[in-house]
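Below you'll find the structure, written out as structure tokens, and then a few comments.
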Amino acid sequence: MADRLLLDVAYGRRPADRIITGGTLVNVLTGETYPADVAISGTRIAAVGDLPEALRGPDTEIIDARGGYLVPGLIDGHLHIECSKLSVTSFADLVVPLGTTSVVSGLDQILVVDGLPGVRSFLDESKNTGMRIWWGAPAKAPYTVPESTVGHTFGPEQHAEAHTWPECVGVWETVQEMVEHGDPAVMDALDLAERHRLPVFGCAPLSDARRIGGLAAAGVRLDHESYSHEEMLEKLRLGMYGIVRESSVAHFLDENIQVVAKVGARRVAFCTDDVHAADVLAGGHMDKLVRMAVKAGVDPVTAIQMATINCAEMYRIDHLVGSIAPGRFADVLIVDSLEDFRVREVVAGGALVARGGTMITPTAPPERGAVRPLPVREVTADDLVLRAPEGASQVTVLTMNMTPEQVFVRKRRDVTLPVTGGLVEPSVAEDALLVTVVERYGKTGNMPVAMVSGMGLRKGAIATSAAPDDNNIICVGASRADMAVAINAVVAAGGGQAVVVDGEVAALLPLPVGGIVSDLPAAEMAAAETRLDDLARELGCALPAPLMYLFFLSITAIPDYAITDLGLVDCVALDVIDPIISEA
């Protein structure tokens, strides 16, 4: 139903609720900049340009842009909000003052923890913030192959309901292996999406022309996972939209922005994918990506288009967001320089909500229930064992090797280790640490053990229950006893992250909302993150973000190896394998 009050303002029949005046409009629809005022009715833009005097009534609020540029609210084209460990409210209070007024997210972590009711609660929570969540219903949950244990799965039956939700804008994170090998649940989800006229979003890292062509043929509209600009160019050439990613740990903007110089930016947008609070506080969010693009040689208006209208168009939400035009939500930024691009003030949903990098009034989170321990029995060192074949004195073990250069990619590294009492113990000298995933939902009690290299711990253990794609507890350690203490601390807190040394919990970050996020303000979260990571570095970890790198170990969608509650997974063969290769 048309908004009659909005139309009355648009046609000049009644005064606007607010008018932004004294600014230069960045018209991302045409690429022009020119003086214009913006009239707002409720949460929507009613008129733009040289406004008639009839729109200025006695109760009309005037927002003076004081010569600044008027820019549409920025859109993060692919974001796992929960990876920030901040609740929706806390995350919004962090990024809205920086100009991010819309995010596209699958909310897949709360989905596997609490099901559709959990997603609904997060979407409802966002309505009280200045940040809109455009929800992509995950192609399948969990994404892990073989399927790991989660609190709630998500398949065609849930898609049928989810596609009716007004926030649902498509099918999220459609992993290329699931399309290529015809996963039945994913194929059904794609059929439903076509029937409901919803676009499909891909997840195709390290892909080649054959696989990209297959995804395009399946109807995958866009992708955010290009490891080179050549890979992104191939996706563009074969009909897909490309999203340039610059996360807290996966830095691809400088590489992928090269595609703009080759073919232009018309089908290219930005995303951050995974960010942590300290990184955003230090450098910014989507505003940072605009600045980086400009520094790389992209025209400022073009960079702004990539962060606004380009993203809105590829997700088919450009009639609602992405530009300053009648009928769109009144999400307007005031900036003093397009080249430097620092957000001075933010109007979101028609209201002035932020100034000078902070919310004018911080948002209050919803009431939460009492914190409960996770349904996991007490873990001991004797539970965390890697058994050797009977009678073996030495074995060769496959370790998942992590490197700072390619954060997600875990390559095979073979290490020969002695056997003590029938067990393969971690070896600091050989850079072979134990890793386990503890099933946290009280369904199986699984806690398989494998080995990882590259974490660098010389002693102690680190653990997290915030761990996409299934949010089971991941723990890496140089000591089985310390690993047990870390896991038990996370369980008792109802979820969280922990660093343990010599049997003592050196630091604990509780994540009581679903065991994955917290209502802590961003600055307090950043301090807690820094404390955890600094302790991990003191223990020898040389990776840039130790606790964040930890939770990537369970992602099976990216080669070559991962670990879930089922065990060590060969991500190419898509099967569980034995970490012990042979007797040495």
Side-chain angles (χ1 to χ4, degrees), residues 1-75 96-97 99-102 127 129-132 134 166 300-302 304-313 315-338 341 343-355 360:
M1 180 179 295
D3 184 334
R4 301 297 197 273
L5 294 178
L6 174 66
L7 293 180
D8 281 345
V9 178
Y11 282 112
R13 296 190 291 250
R14 66 181 292 272
D17 294 324
R18 294 177 184 85
I19 291 178
I20 305 174
T21 188
T24 297
L25 176 70
V26 178
N27 192 322
V28 294
L29 299 168
T30 63
E32 302 172 279
T33 60
Y34 51 86
D37 293 343
V38 179
I40 298 169
S41 174
T43 62
R44 304 274 185 144
I45 296 169
V48 180
D50 186 8
L51 303 180
E53 195 60 34
L55 295 186
R56 293 172 168 85
D59 297 324
T60 301
E61 178 186 349
I62 302 299
I63 300 173
D64 187 358
R66 292 175 287 131
Y69 290 93
L70 308 183
V71 175
L74 307 181
I75 307 170
V96 169
T100 303
T101 56
S102 283
K127 294 175 182 177
T129 73
M131 181 186 76
R132 299 175 207 292
W134 304 97
V301 172
T302 300
I304 292 167
Q305 288 172 320
M306 293 172 67
T308 57
I309 190 62
N310 290 15
C311 193
E313 286 179 347
Y315 281 105
R316 298 180 183 167
I317 54 176
D318 53 300
H319 60 301
L320 297 171
V321 291
S323 63
I324 299 174
R328 278 67 171 179
F329 284 111
D331 300 337
V332 181
L333 316 180
I334 302 174
V335 301
D336 291 320
S337 166
L338 299 187
F341 203 80
V343 177
R344 188 212 306 163
E345 291 170 301
V346 179
V347 174
L352 183 63
V353 298
R355 178 182 289 120
I360 293 172

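For reference, positions follow the sequence shown, starting with 1.
The shortest distance between side-chain heavy atoms of Glu345 and Ile20 does not fall below 4.5 Å. Annotation: side chain of Leu55 is not in contact with side chain of Thr60 (no heavy-atom distance under 4.5 Å). At a threshold of 4.5 Å between non-hydrogen side-chain atoms, the residues Thr101 and Phe329 do not count as touching.
Rounding to the nearest 0.5 Å places CG of Asp318 at 8.5 Å from CG of Leu320. One finds the CG atom of Asp3 at 7.5 Å from the OG1 atom of Thr43 (value rounded to the nearest 0.5 Å). Rounded to the nearest 0.5 angstrom, Ile309 CD1 and Ser323 OG are separated by 4.5 Å.
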Please report the C-alpha distance between Val48 and Arg328 in whole Å, then the side-chain angles of each, then the deciding distance to 0.1 Å, and finally whether the side-chain contact (heavy atoms from CB on, under 4.5 Å) criterion is met. CA-CA 11 Å; Val48 180; Arg328 278 67 171 179; over 6 Å; no

Start with the C-alpha gap between Ile304 and Tyr69, add the side-chain angles, then the distance that decides, and say whether side-chain contact (heavy atoms from CB on, under 4.5 Å) holds. CA-CA 12 Å; Ile304 292 167; Tyr69 290 93; over 6 Å; no

Is there a side-chain contact (heavy atoms from CB on, under 4.5 Å) between Leu338 and Val71 once you walk through the steps? CA-CA 9 Å; Leu338 299 187; Val71 175; 4.3 Å; yes

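By the salt bridge (Lys or Arg N to Asp or Glu O under 4.0 Å) test, Asp64 pairs with no residue at all, sequence neighbours left out.
Between the side chain of Arg344 and the main chain of Ala65, a donor-acceptor pair closer than 3.5 Å is present. Looking only at distances, a side-chain donor or acceptor of Arg18 sits under 3.5 Å from a matching main-chain atom of Gly350.
The minimum heavy-atom distance linking Ala325 with Leu29 is given by the pair CB-CD1, 4.1 Å. Scanning all heavy atoms of the two residues, the minimum distance from Val26 to Pro72 falls at O-CD, 4.1 Å.
The side chain to side chain contact (heavy atoms under 4.5 Å, CB included) test with Val96 is passed by exactly one of Leu74, Val343, Val346, Asp331: Val346.
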